[in-house]
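Read the numbers this way: they start at 1 and go in the same order the structure lists the ligands and their atoms. A quick note: this is a predicted structure, and the numbers were derived from the prediction, not measured. Only this structure's heavy atoms are used, side chains among them; waters, hydrogens and symmetry mates stay out.
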Amino acid sequence: MSARPWWRDAVIYQVYPRSFADANGDGLGDLPGIISRLAYLAALGIDAIWVSPFYTSPQHDAGYDVADFRDVDPRFGNLADADALIAGAHERGLKVLFDIVPNHTSSEHRWWQEVLRSGPGSEAWDRYIIRASDDGPPNNWNSIFHGPAWSKLVTADGVDTGYWYLHLFDSTQPDVNWENDEVREEFADILRFWFDRGVDGFRIDVAHGMVKDPALPNVDYAKMRQAELLGSSPEAPYWDQEGVHDIYREWRRIADSYDPPRIFCGETWAPSPERLALYQRPDELHTSFNFDYLKASWDRQAVQRSVANTLLHHAKVGAPPTWVLSNHDVVRHRTRLAPGFYPQDRHCRPDEVRGLARARALTLFTLALPGSTYLYQGEELGLVEVFDIPDAAREDPAWHRSQGEDLGRDGCRVPLPWSGDAPSYGFNSGTASWLPQPPSWATLCAQAQDGLGDSTLEFYRAALRLRRARSLGESALEWWDTDGDLLAFRRASDTPLMCVINFGDAPAILPSGTVEIASMADAVTADHLLAGESCIWMTPS
Ligand code: GLC
């Protein structure tokens, strides 16, 4: 047994409860549904699951609007189900991360309800970011979900108070005030509540956002956009503020007080790999998502630059990097990487065949990198982004707040196809599904792919098996000198492994060695060339 902590090179699978499996047939996934599929998850070869929020919530932002952090929404089950999920996962050797949402509460949270019944100067008002302003919002901040980030504070009896409250997301998600001691104590207590129940750690929602510049200065959005175009650090007075690191020092002490210590992964959209690594200093978060890598897309230079910068800056703080290609907030990578994909164009027709080739290639490349990797449910089935969701079925607040201009994130949240040839494809035992599943998903069902040599599901299983067998851990990555469209590196583990990806269309010459796994059945030609848009792992000779 290695003494290396499990999380340093784990493969962690994101379960999005509303779309994973639905035990009670109401069309919305639930905790008993997840429990019923734990055997599938363990057999996939992952080390842990991260479960998106299932807490009590009006579901205005799919559960990221939490009304009670210590209870389960009846639509998803109850506390006993949460306990059974933790126990069931542990029995199968899987660790469990839950999702904590500390930047905001739901407006149905008891704290916000108290605000509506109190007034300026009250304890209730101090828990949120509330400001007086006679002539419009206190500053020009925009909500991430479009429109202003401030709404008028109107009391329970309908009185306009002349005050405004901040919500960086939906107006039903007021931002809490992290300068308030009670807020800090409450979240520390929520951590302990779930740690005591046996959860192994937390993914932290909007981990870079809790602290705001106290002066609440206006933002120069034009300059920020320009800075982003030029690739330099965007600065916003509500992201990546120094004070947020103090919170994580306190949280780390709490996590370390458990045996075994609990862990964190921040949803940290830091402006650069350098700023990101600061969150992983030894007394802060264990890991953070590495969105720089996700954004590198299908671009050889960008991928290499992101990997190199990430490794460089994480090494400085002694932390393992993480890698991720898909989650519940971004277009599925089979679609995003495909030729013919255009963001926000619901009429675009991405090439799904080449999209799958690229997605499998980049996934294999990712799984060979040092550190831990996050997978998003359904990517192991090769699911695509769904564009033709009827407007009436869409739920994402970003869609509603932009009057449909922003397509939102529903397209990557369509319930999983498990079996059968008609909706709900085994998502439940009936036909209900909170978002409609496309007819083409019959061939993508887990059951249809099970045991099928070339299927994406069997490819994921094989890659995860080999990754585990090779226990690549955090051994050093050495780039292999390539030019053109190839990118290759060698891992200096006990049994050396070489990973080679071809970003181009044309076949390219491979170094000599034995191919261990390929992203596609026809990736390696008879004369030892690596086909375009494919990736292999090999034992070099
Ligand atoms: C995070 C979540 C996203 C949610 C937002 C507000 O980015 O991943 O789904 O809408 O935070 O909580």
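- Contacts of H167 with ligand 1, taken as heavy-atom pairs under 4.0 Å, are absent altogether.
- With a heavy-atom cut-off of 4.0 Å, W269 does not touch ligand 1 at all.
- A salt bridge is defined here as a Lys NZ or Arg NE, NH1 or NH2 lying under 4.0 Å from an Asp or Glu carboxylate O, and R275 with D292 fails to meet this definition.
- Ranked by closest heavy atom to atom 7 (O) of ligand 1, the top entry among E267, H104, Q173 is E267.
- Ligand 1 has at least one atom lying under 4.0 Å from a heavy atom of R203.
- Each of the atoms 3 (C), 4 (C), 9 (O), 10 (O) of ligand 1 lies under 4.0 Å from some heavy atom of R409.
- Atoms of ligand 1 lying under 4.0 Å from any heavy atom of R413, numbered from 1 in the order shown and given with element: 9 (O).
- Protein heavy atom at the shortest distance from atom 4 (C) of ligand 1 is D61 OD2, 3.3 Å.
- Shortest contact from atom 8 (O) of ligand 1 to any protein heavy atom: D329 OD2, 2.5 Å.
- Using a 4.0 Å cut-off to heavy atoms of F145, the atoms of ligand 1 that qualify are 10 (O).
- Ion pairing between R203 and E267 holds under the 4.0 Å rule for side-chain N and carboxylate O.
- The two residues V11 and D47 come nearest to each other via the heavy atoms N-OD2, 2.7 Å.
- Closest to atom 12 (O) of ligand 1, if we only count protein heavy atoms, is D205 OD2, 2.8 Å.
- The aromatic ring centroids of Y128 and W112 lie less than 6.0 Å from each other.
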